[in-house]
Amino acid sequence: MDKENFFERVYEVVRQIPPGRVTSYGAIAEFLGTKGSSRMVGYAMNACGTAWPPVPAHRVVNRRGLLTGKRSFSSPQLMQQLLESEGVKIENDKVVDFKSLFWQPGAEL
DNA sequence: GCAATGACTGGAG
DNA sequence: CCTCCAGCCATTG
């Protein structure tokens, strides 16, 4: 499917996110050149389960660092668990010190 | 093809 | 830092 092309772009970036780091949908969308399509990034993540290799979607949060996509995970608490497992502290479904853990695509590539 | 939906964002309070 | 409003864009019914 040609549309997969767009999704794979998102997956490729997300897979490059270092452990213990997080990024926002807008940052990915902007990096891909589809800044206005920030929602599409999230939409692509919704289909990340169909992508291979697996995509660490738990490292992708909204601009506030809120785990908005945890409900779309296999288990809502899985996302938080994975992040904490990587050293990212989560409180009230949001990343602690999010701006410090923020990672921009292409920044350290 | 139009209307509704959504893992969003920026600006203002 | 958080909440509310309006704008954007691709996918789906």
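Computed from heavy atoms alone, side chains included, the values below leave out hydrogens, waters and symmetry copies. Convention: sequence-line order gives letters A, B, ...; per-chain numbering from 1. A quick note: this is a predicted structure, and the numbers were derived from the prediction, not measured.
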**Asked** Between A:Phe98 and A:Val61, which heavy-atom pair has the shortest distance, and what is it?
**Response** CE1-CG2, 3.5 Å

**Asked** Honestly curious: do A:Val55 and A:Trp103 fall in one hydrophobic cluster under the side-chain, below-4.5 Å linking rule?
**Response** yes

**Request:** Using atom CZ of A:Phe98 as one end and atom P of B:dC8 as the other, report the distance to the nearest whole Å.
**Result:** 12 Å

**Prompt:** A:Val22 and A:Ile17: same hydrophobic cluster, using ILVMFWY side-chain contacts below 4.5 Å?
**Reply:** no

Distances under 3.5 Å between protein N/O atoms and the N/O atoms of nucleotides 11-13 of chain B, please, pair by pair.
| unit_1 | atom_1 | unit_2 | atom_2 | d |
| --- | --- | --- | --- | --- |
| B:dG11 | O6 | A:Arg63 | NH2 | 3.3 |

**Message:** Using whole Å, what does the distance between atom C1' of nucleotide C:dA10 and atom CG of A:Leu32 come to?
**Reply:** 14 Å

**Prompt:** Would you say the side chain of A:Arg39 and the base of C:dG7 hold a donor-acceptor pair, judged only by whether the two atoms sit under 3.5 Å apart?
**Reply:** yes

**Request:** May I have the distance from A:Leu83 (atom CG) to B:dA7 (atom C1'), rounded to whole angstrom?
**Result:** 13 Å

**Message:** Just the rounded figure in Å: distance from P of C:dA10 to CZ of A:Phe6.
**Reply:** 8 Å

**Asked** Could one point to a donor on the side chain of A:Tyr25 or the base of B:dA7 with an acceptor on the other under 3.5 Å away?
**Response** yes

**Request:** Classify the nucleic acid contact of A:Ser72 as base, sugar-phosphate or nothing, counting any heavy atom under 4.0 Å across all strands shown.
**Result:** base

**Item:** Taking every non-hydrogen atom, the tightest pair across A:Glu86 and A:Gly20
**Value:** OE1-N, 3.3 Å

**Item:** Carboxylate-amine/guanidinium proximity below 4.0 Å for A:Lys70 and A:Asp93
**Value:** yes

**Asked** If you draw a 6.0 Å radius around CZ in A:Arg15, do more than 12 non-hydrogen atoms from other residues or ligands fall strictly inside?
**Response** yes

**Request:** Report the residue (A:Lys35 or A:Met45) whose heavy-atom-nearest nucleotide on DNA chain B is the more 5′ of the two.
**Result:** A:Met45

**Request:** Could you tell me the separation between the CD atom of A:Gln80 and the P atom of B:dA7, rounded to a whole number of Å?
**Result:** 18 Å

**Message:** Output the rounded distance in Å from CG (A:Asn62) to P (C:dC1).
**Reply:** 13 Å

**Prompt:** Out of C:dT12, B:dT9, B:dA7, which nucleotide sits closest to the side chain of A:Ser24?
**Reply:** B:dT9

**Message:** Side chain of A:Ala57 only, heavy atoms from C-beta on: which candidate in B:dC8, B:dA7, C:dC9 is closest?
**Reply:** B:dA7

**Fill in**
Against the side chain of A:Ser38, the closest entry in B:dT9, C:dT11, B:dA7 is B:dT9

**Euclidean distance, atom CG of residue A:Leu66 to atom C1' of C:dC1 [Å, nearest integer]** = 13 Å

**Message:** When you measure from the side-chain N and O atoms of A:Arg64 to the phosphate of C:dT3, is any distance below 4.0 Å, counting only OP1 and OP2?
**Reply:** yes

**Asked** Closest to the A:Met40 side chain: C:dT3, B:dC8, C:dC9?
**Response** C:dC9

**Message:** Over 60° means perpendicular and under 30° means parallel, so tell me whether A:Tyr11 and A:Phe7 are parallel, tilted or perpendicular.
**Reply:** parallel

**Prompt:** Please give, in whole Å, the distance from B:dT9 P to A:Phe102 CZ?
**Reply:** 9 Å

**Prompt:** Within the pair A:Thr34 and C:dC9, is there a side-chain N or O less than 4.0 Å away from OP1 or OP2?
**Reply:** no

**Prompt:** How far apart are the closest heavy atoms of A:Leu101 and A:Val88, and which atoms are they?
**Reply:** CD1-CG1, 3.8 Å

**Request:** Please work out if A:Asn46 contacts a base, only the sugar-phosphate, or nothing of the nucleic acid, heavy-atom cut-off 4.0 Å.
**Result:** base

